[in-house]
Amino acid sequence: SLNLEAAEVACPLLLQDCYLEELINLSGASARAIRLPGCHVPALNLEELRAAGSLELSGVTTHGEIRMSGARIAGSFDLGGATLINPSGYALFADLISVEHSMFCRYGFTAHGEVRLSGAGIGGRLDLRQATLINPGGLALTAEGLNAEYGILCRDGFSARGEVRFAYARIGKVLELSGVNLANPGGVALSLQAASTTDLVLLPEQPPDGVVNLTNARAVTFSDDPRTWPTKLQLRGFTYETLENDRVSVQDRLRWLRRHEGGYTPQIYDQLAAAYRRAGQEDAARRVGIAKQWHRRSALNAGGKLLNWLFYATV
């Protein structure tokens, strides 16, 4: 084992391509910079670590938990190409971690078990390009309340088996999910409940296998594609100012709303109509208003459905 608990490490610490039989313990330690590229360790304890520079765990292989809740990293945090294996628990437990620059979980980063970043603060980007997260039937990534000032990148083959949860996250710039594969059969594949971002890009490689929850999410611009819409959506309270894909017809947009799981919800029609009005498409906004009335009456009893038919006959 390597035990530096609560130690003051005056020089940068480098262990490269090392094999350790027992865990590395740096809990409560202070160090200038820590680099463990290519190491093989059973577990890491980095709770309350204070790093005046960067923390590099690129190419690391672990067969237990990396635990680093409350750690403070003044530079960047690099997990590029790392393989974390702990399928019965947390692969990475980093609640309330603070990273002043960016956090890199990219280029082959693989986690078997839950990656947890709830309440984390990242001054740059959370980069998940080409990452693979595997926790079938559970939480693949939990980032509730995360604050990423320069955005989150999930693209270039990012895949997750299990729920990806960014609920209540505050994401500056862009939250991009392009070319991704999301699967959590019978459950929620992606949760953005009450999350906020400037640009939301939801362009998976194929329709997510599971529910996409956008309840009370907020975005200035929203990009999507009908070819990859999920079968089930939760849209109550989802607000956006601009729909970037203006090639989608009004009729298709109305079909998109009908994928909402919550039954008749007037707000989702009002939101879509408002977006059309901001774009100067008054005719499209009127059609959404008519569809709203149709859906409202369809949600009533048989008498309501008759009124529905009479309403459209009159129109």
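Note that the numbering runs from 1 along the sequence shown for the chain. The model shown is predicted, which means the values in this text are computed figures rather than measured ones. Just so you know, these numbers use all the heavy atoms, side chains as well, and skip hydrogens, waters and symmetry mates.
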Can you give each donor-acceptor pair under 3.5 Å made by side-chain atoms of residues 232-239, sequence neighbours left out, with the distance rounded to 0.1 Å?
residue, atom, partner, partner atom, Å
Gln234, OE1, Asn213, ND2, 3.2
Gln234, NE2, Glu261, OE1, 3.1

Sequence neighbours excluded and cut-off under 3.5 Å, please list the side-chain donor-acceptor pairs for residues 121-135, or say none.
residue, atom, partner, partner atom, Å
Arg125, NE, Tyr150, O, 3.4
Asp127, OD1, Arg129, N, 3.1
Asp127, OD1, Arg129, NE, 3.0
Asp127, OD2, Arg106, NH1, 3.1
Asp127, OD2, Arg129, NE, 3.1
Asp127, OD2, Arg129, NH2, 2.7
Asn135, ND2, Leu139, O, 2.8

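Side-chain contacts under 4.5 Å among hydrophobic residues (ILVMFWY), followed directly or transitively, place Val201 together with Leu153, Val174, Leu203. Hydrophobic cluster membership for Val211: Val188 (Ile, Leu, Val, Met, Phe, Trp, Tyr linked by side-chain heavy atoms under 4.5 Å, directly or transitively).
Annotation: side chain of Asp95 is in contact with side chain of Arg116 (closest heavy-atom distance under 4.5 Å). A heavy-atom distance below 4.5 Å is not found between the side chains of Leu257 and Thr265. Residues Leu84 and Phe109 meet the side-chain proximity criterion, which asks for heavy atoms closer than 4.5 Å. Under the 4.5 Å side-chain criterion, counting only non-hydrogen atoms from C-beta, Leu272 is in contact with Leu243. A heavy-atom distance below 4.5 Å is not found between the side chains of Glu56 and Ile34. At a threshold of 4.5 Å between non-hydrogen side-chain atoms, the residues His63 and Asn86 do not count as touching. The side-chain heavy atoms of Cys154 and Val180, taken from C-beta on, include a pair separated by under 4.5 Å. Proximity of Leu79 to Phe104: side-chain heavy atoms (C-beta onward) are nowhere separated by under 4.5 Å.
Across every non-hydrogen atom of Asn245 and Asp224, the tightest pair is ND2-O, 2.9 Å. Scanning both residues, Leu182 and Ala189, for their nearest heavy atoms gives CB-CB, 4.3 Å. Taking every heavy atom of both residues into account, Tyr276 and Val250 meet most closely at OH-CA, 3.7 Å. In terms of heavy-atom proximity, Thr231 sits nearest to Arg259 at O-CB, 3.6 Å. The minimum heavy-atom distance linking Ile152 with Ala148 is given by the pair CG1-CB, 4.0 Å. Of all non-hydrogen atoms in Ala140 and Ala160, the two that sit nearest each other are CB-CB, 4.3 Å.
If you chain together hydrophobic residues whose side chains sit under 4.5 Å apart, Leu57 and Tyr90 never meet in one group. Neither Leu44 nor Phe93 shares a network with the other; the hydrophobic side chains, linked directly or stepwise wherever heavy atoms of I, L, V, M, F, W or Y lie under 4.5 Å apart, form separate groups for each. Leu20 and Ile85 end up in different hydrophobic clusters when Ile, Leu, Val, Met, Phe, Trp and Tyr side chains are linked at under 4.5 Å. No single ILVMFWY cluster, assembled from side-chain heavy atoms under 4.5 Å apart, contains both Tyr107 and Val60. Residue Leu15 is grouped with residue Leu55 when hydrophobic side chains (ILVMFWY) are merged at heavy-atom distances under 4.5 angstrom, including chains of intermediate members.
Judged purely by distance below 3.5 Å, without hydrogens or angles, the side chains of Ser191 and Gln193 never pair a donor atom with an acceptor atom. In the model, Gln206 has no side-chain atom that pairs as donor or acceptor with a side-chain atom of Thr228 under 3.5 Å. Looking at Arg297 and Gln293, their side chains do bring a donor and an acceptor atom within 3.5 Å of each other. Between the side chains of Ser178 and Glu176, a donor-acceptor pair is found at a separation under 3.5 Å. A side-chain N or O of Asn25 and one of Ser27 form a donor-acceptor pair less than 3.5 Å apart. Side-chain contact check for Thr221 and Asp199: at least one donor-acceptor pair (N or O, by modelled atom type) lies under 3.5 Å.
Side-chain N or O atoms of Glu47 include none that pairs as donor or acceptor with a backbone N or O of Ala71 at under 3.5 Å. Counting only distance, with no hydrogens or angles, the side chain of Ser54 and the backbone of Phe77 share no donor-acceptor pair below 3.5 Å. Checked by atom type and distance alone, the side chain of Arg165 never pairs as donor or acceptor with a backbone atom of Glu163 at under 3.5 Å. Here the side chain of Arg50 pairs a donor or acceptor atom with the backbone of Glu48 at under 3.5 angstrom. The closest donor-acceptor contact from the side chain of Asp209 to the backbone of Asn184 lies at 3.5 Å or more, if one exists at all.
Partners of Arg278 under the side chain to side chain donor-acceptor pair (under 3.5 Å) rule, at least two apart in sequence or in another chain, do not exist in this structure. Residues satisfying the side chain to side chain contact (heavy atoms under 4.5 Å, CB included) test with Asp252, not counting sequence neighbours, are Trp229, Val248, Ser249, Arg255.
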Please lay out, stage by stage, how Asn3 and Glu22 fare under the test side chain to side chain contact (heavy atoms under 4.5 Å, CB included).
CA-CA 10 Å; Asn3 188 356; Glu22 299 179 30; over 6 Å; no
Between Arg258 and His295, does a side chain to side chain contact (heavy atoms under 4.5 Å, CB included) hold up when you go through it step by step?
CA-CA 9 Å; Arg258 292 303 290 262; His295 195 178; 3.6 Å; yes
Decide side chain to side chain contact (heavy atoms under 4.5 Å, CB included) for Tyr269 and Leu254; before the verdict, give the C-alpha distance in whole Å, the side-chain angles of both, and the deciding distance to 0.1 Å.
CA-CA 8 Å; Tyr269 288 92; Leu254 292 173; 4.1 Å; yes
Hey, mind stepping through Arg218 and Arg170 against side chain to side chain contact (heavy atoms under 4.5 Å, CB included) and telling me if it holds?
CA-CA 10 Å; Arg218 301 189 303 278; Arg170 299 294 176 263; 4.1 Å; yes
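No more than 12 heavy atoms of other residues, nucleotides or ligands shown are found within 6.0 angstrom of CZ on Arg32.
With values rounded to the nearest 0.5 angstrom, Met68 atom CE is found 10.0 Å from Leu26 atom CG. How far CG of Leu177 is from OG of Ser223: 11.5 Å, rounded to the nearest 0.5 Å. A distance of 13.5 Å separates NE2 in His101 from CG in Asp78, rounded to the nearest 0.5 Å. Atom CG of Leu200 is separated from atom CG of Leu192 by 6.0 Å, given to the nearest 0.5 angstrom. If you take CZ on Arg253 and CZ on Arg287, they are separated by 13.5 Å, rounding to the nearest 0.5 Å. Interatomic distance, CG of Leu2 versus CG of Asn45, reported as 12.0 Å (0.5 Å rounding).
Under a 4.0 Å N-O distance rule, the pair Arg247/Asp225 does not qualify as a salt bridge.
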